[in-house]
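Taking it in order: structure first as structure tokens, then the write-up.
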Amino acid sequence: MIKKPVAKILGTGSALSGKVLSNFDLEKMVDTNDEWIRERTGIERRYILEEGKANSDLAAPAAEEALKEAGLVAEDLDMIIIATITPDTSFPSTACRVQAKIGAKNAAAMDVAAACSGFIYGLTLANSLIATGAAKHVLVIGSEVLSRITDWEDRGTCILFGDGAGAAVLGPSEGDKGILSAYIKADGRLGDLLHLPGGGSLNPATHETVDQRLHYIKMEGNRIFKHAVRTMRDAALHGLDLAGVDASELDLLIPHQANMRIIEAIQSRLKLSDEQVFVNIKDYGNTSAASIPIAMNQARREGRLKEGNKCLLVAFGGGFTWGASLIQF
Ligand code: ACO
């Protein structure tokens, strides 16, 4: 959509908190084992947020770290976008709760629900707001507490998910650094492959919906796997094409951390070396909208993402949604 960078990332942050739940802990909860989980997913452990805490308790510290690195204060923000499918409450939005927590009194605030592609959706919106002059400084957060909607009796899903938050502060770019492409897509016909049936206007909470376990994630893992590989590839190629960049020129690919085998399929289709792909799924599991900003922050702190590097973010998620963004740091 946009080739010339109008917006760039000024700072990043992340937050992980709570109990670390290992595959061995899961062995005691459902009929599974460490070897199966590692071989099928690449996951070894994940964070589970403390009881009594909520999404905004992760999102706010991630935002504060990003603001600090950007050299800005909360009052400088014009907009807060939180990508999440696990808000504190249906409303007010988690973005409004974070606005109050960090004291961003000049910012508008809203949530975006695009599941695991949410951070790229948020980044695309932020880029457009900065491009039109509607906002100067935009905070984009991906934050999830998936443990609260995970069915801990369903071995097909409970091994996958974890909690966490990642954030980026964006501002105007005058030079070569910034967002070189932002591509987002959806196909609502695939919505039932991954969904939360209960709690909305379709199935409001009743004793029956609770008894039927409708307030937990339902997933058709096998079918998602196939669409994930297809849509991640589509997103990656569009993200590169729109920026006029070849895969061989990439310094780093940061894919959504859903499953190691999905990441390997994208890596092989783009013909990338291990050094060109950032993977941290082992330690955090699938944190949905938080996975890319957590990985991006980690890659920067570990020196895997340096000044001038070209980095492709690519994600797929429930909806179905998918997207990619090429960023020059
Ligand atoms: N432990 C042990 N055995 C298991 C487990 C488990 N946790 N789960 C399933 N099995 C068994 C199955 O019952 C099946 O047994 P059977 O052959 O006797 O019937 C066997 O293992 C194989 O099951 P599959 O479902 O075919 O396993 P698959 O290789 O597809 O792996 C998985 C399952 C990991 C869920 C995979 O399909 C996947 O990762 N899919 C993508 C899911 C995903 O990424 N979801 C998130 C989307 S992003 C978002 O928006 C949140």
Side-chain angles (χ1 to χ4, degrees), residues 21-46 55 83-87 112-122 142-166 184-188 190-197 216-233 235 254-266 279 281-282 284-295 313-324:
L21 188 77
S22 73
N23 292 348
F24 299 102
D25 296 324
L26 279 165
E27 285 182 3
K28 296 176 201 131
M29 298 161 64
V30 286
D31 181 14
T32 190
N33 59 78
D34 171 60
E35 194 187 350
W36 192 97
I37 302 173
R38 272 190 292 108
E39 280 178 5
R40 299 284 177 132
T41 71
I43 301 166
E44 294 183 15
R45 58 191 77 84
R46 67 289 285 150
N55 188 319
T84 189
I85 51 167
T86 50
V112 167
C116 304
S117 317
F119 186 76
I120 293 177
Y121 269 64
S143 184
E144 301 284 12
V145 190
L146 293 168
S147 60
R148 307 292 197 257
I149 57 165
T150 296
D151 185 346
W152 294 104
E153 293 180 11
D154 175 14
R155 69 174 183 172
T157 54
C158 75
I159 56 154
L160 296 173
F161 302 114
D163 302 335
I184 47 175
K185 271 282 198 190
D187 184 351
L190 301 172
D192 285 346
L193 295 187
L194 180 69
H195 65 136
L196 184 76
Y216 295 125
I217 296 172
K218 309 288 175 202
M219 184 183 89
E220 287 188 45
N222 263 313
R223 290 183 63 203
I224 289 179
F225 196 99
K226 286 177 201 133
H227 287 294
V229 173
R230 176 179 63 81
T231 55
M232 290 265 268
R233 179 175 171 274
I254 301 185
H256 168 47
Q257 312 281 312
N259 184 311
M260 195 55 217
R261 291 182 294 143
I262 296 175
I263 295 173
E264 283 164 357
I266 304 307
V279 181
I281 190 169
K282 176 166 79 70
Y284 307 126
N286 178 350
T287 57
S288 191
S291 96
I292 287 181
I294 290 172
L313 313 179
V314 58
F316 75 96
F320 236 65
T321 57
W322 60 100

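Read the numbers this way: they start at 1 and go in the same order the structure lists the ligands and their atoms.
- For ligand 1, the atoms closer than 4.0 angstrom to any heavy atom of Asn286 are 46 (C), 48 (S).
- Short contacts between ligand 1 and Gly317, defined as distances under 4.0 Å to a heavy atom of the residue, involve ligand atoms 50 (O).
- Of the protein's non-hydrogen atoms, the one nearest atom 26 (O) of ligand 1 is Asn222 ND2, 3.1 Å.
- Between Arg261 and Phe225, the closest side-chain pair of non-hydrogen atoms falls below 4.5 Å.
- Using a 4.0 Å threshold on non-hydrogen atoms, atom 22 (C) of ligand 1 counts as touching the protein.
- Each of the atoms 7 (N) of ligand 1 lies under 4.0 Å from some heavy atom of Ile159.
- Of the N or O atoms in Ser288, none lie within a sub-3.5 Å distance of an N or O in ligand 1.
- Counting only heavy atoms from C-beta outward, the side chains of Pro197 and Lys218 approach each other to under 4.5 Å.
- For the atom pair Ile224 CD1 and Leu194 CG, the distance stands at 4.5 Å (nearest 0.5 Å).
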Begin with the C-alpha distance, continue with both residues' side-chain angles, and end with the deciding distance and a verdict on side-chain hydrogen bond (donor to acceptor under 3.5 Å, both in side chains) for Arg38 and Asn33.
CA-CA 9 Å; Arg38 272 190 292 108; Asn33 59 78; over 6 Å; no
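- Checking only distances, Ala258 never comes within under 3.5 Å of ligand 1, N or O to N or O.
- Annotation: side chain of Ile294 is in contact with side chain of Tyr284 (closest heavy-atom distance under 4.5 Å).
- For atom 32 (C) of ligand 1, no protein heavy-atom neighbour is present inside the 4.0 Å cut-off.
- For Arg261, a nitrogen or oxygen atom sits less than 3.5 Å from a nitrogen or oxygen atom of ligand 1, counting backbone and side chain alike.
- The nearest non-hydrogen atom to atom 10 (N) of ligand 1, considering only Phe161, Phe316, Trp36, comes from Trp36.
- Proximity of atom 8 (N) of ligand 1 to the protein is indicated by at least one non-hydrogen atom lying closer than 4.0 angstrom.
- Side-chain contact between Lys185 and Thr231 is absent, with no heavy atoms from C-beta onward closer than 4.5 Å.
- Atom numbering of ligand 1 starts at 1 in the shown order; those under 4.0 Å from a heavy atom of Gly318 are 49 (C), 50 (O).
- Within ligand 1, counting atoms from 1 as listed, the ones closer than 4.0 Å to a heavy atom of Met219 are 35 (C), 42 (C), 45 (N).
- Contact annotation for atom 18 (O) of ligand 1: protein absent (non-hydrogen atoms, distance under 4.0 Å).
- The shortest side-chain heavy-atom distance between Ile43 and Ile159 does not fall under the 4.5 Å cut-off.
- If you check each of Ser117, Cys116, Ala114 against atom 48 (S) of ligand 1, the one with the closest non-hydrogen atom is Cys116.
- Note that the NE2 atom of His256 and the CZ atom of Phe316 stand 5.0 Å from one another [nearest 0.5 Å].
- For ligand 1, the atoms lying closer than 4.0 Å to a non-hydrogen atom of Arg40 are 22 (C), 27 (O), 28 (P), 29 (O).
- The distance from atom CG of Asp187 to atom NE2 of His227, rounded to the nearest 0.5 Å, is 8.0 Å.
- Using a 4.0 Å cut-off to heavy atoms of Thr41, the atoms of ligand 1 that qualify are 34 (C).
- Compare Ile262, Leu160, Thr287, Thr32 by their heavy atoms: the one nearest to atom 6 (C) of ligand 1 is in Thr32.
- The distance from the CD1 atom of Ile292 to the OG atom of Ser117 is 8.0 Å, given to the nearest 0.5 Å.
- In this comparison of Glu35, Gln257, Arg155, the heavy atom closest to atom 13 (O) of ligand 1 sits on Arg155.
- By the 4.5 Å heavy-atom criterion applied to side chains, Leu146 and Asp163 are counted as neighbours.
- Heavy-atom proximity to Ala115, at under 4.0 Å, picks out these atoms of ligand 1: 50 (O).
- Residues Met260 and Ile281 come closest through the heavy atom pair N-CD1, 4.0 Å.
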